[in-house]
Amino acid sequence: MSQFYENNPSKSSAEHDVIMRGRKLLDITGVKQVESFDNEEFLLETSMGFLAIKGQNLQMKNLDVEKGLVSIKGKIFDLVYLDEQHGEKAKGFFSKLFR
């Protein structure tokens with residue numbers, strides 16, 4: 001799936017937006033793929049890097065692969081981008097994820 005977006009940069013997935021409504025609903029565009037998810041944490045690869053979402057009772061409400069859109073509902077605690085600038089944090093996050 002990520003090859004599709006890399007070969008078609010004009011797709012709407014190149015734009016990345018995060019819209020939160022009342023800490024209960026997230027609409028995220030520009031999602032390349034969903035790396036992992038459970039009821040406490042989502043890890044998404046977006047056009048602007050990896051995005052980790054932490055919360056309680058998280059559920060995927062909508063997934064539109066064509067448009068790169070993901071909607072998540074539940075109680076949102078934390079949104080964090082994992083990139084090169086925060087290599088130590090990303091390294092720690094991934095090491096926890098793949099234990």
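Counting from 1, the numbers follow the sequence of the chain as shown.
Contact check for Lys67 versus Val31: no side-chain heavy atoms found under the 4.5 Å cut-off. Under the 4.5 Å side-chain criterion, counting only non-hydrogen atoms from C-beta, Leu26 is in contact with Leu79.
Linking Ile, Leu, Val, Met, Phe, Trp and Tyr residues whenever their side-chain heavy atoms come within less than 4.5 Å leaves Leu51 and Phe77 in two separate clusters.
Residue Ile19 holds its CD1 atom at 10.0 Å from CD1 of Ile28, rounded to the nearest 0.5 Å. How far CD of Glu40 is from CG of Asp78: 13.0 Å, rounded to the nearest 0.5 Å. Here NZ of Lys32 is found 6.5 Å from OG of Ser47. Values are rounded to the nearest 0.5 Å. Atom CD of residue Glu45 and atom CD of residue Gln33 lie 5.0 Å apart, to the nearest 0.5 angstrom. Taking OG1 of Thr29 as the start and CG of Asp64 as the end, the distance is 11.5 Å to the nearest 0.5 Å. Separation of atoms CE (Met20) and CD1 (Ile72) is listed at 10.0 Å; rounding is to 0.5 Å.
Pairs of residues two or more places apart, or lying in two chains, that qualify as ring-ring contact (aromatic ring centres under 6.0 Å, His included) and include a residue from residues 18-38 are Phe37-Phe42.
Partners of Asp27 under the salt bridge (Lys or Arg N to Asp or Glu O under 4.0 Å) rule, at least two apart in sequence or in another chain, are Arg21. Listed by chain and number, the residues in a side chain to side chain donor-acceptor pair (under 3.5 Å) with Asn62 amount to none (sequence neighbours excluded). Not counting sequence neighbours, Asn57 has no partner by the side-chain contact (heavy atoms from CB on, under 4.5 Å) test. Annotation: side-chain contact (heavy atoms from CB on, under 4.5 Å) contacts of Lys24 (sequence neighbours excluded): none.
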As a quick check of understanding, evaluate side chain to side chain contact (heavy atoms under 4.5 Å, CB included) for Lys75 and Arg23, giving each step before the final call.
CA-CA 6 Å; Lys75 188 168 185 179; Arg23 250 183 108 175; 4.2 Å; yes

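Across all non-hydrogen atoms, the minimal contact from Ile53 to Leu58 is O-CD1, 4.0 Å.
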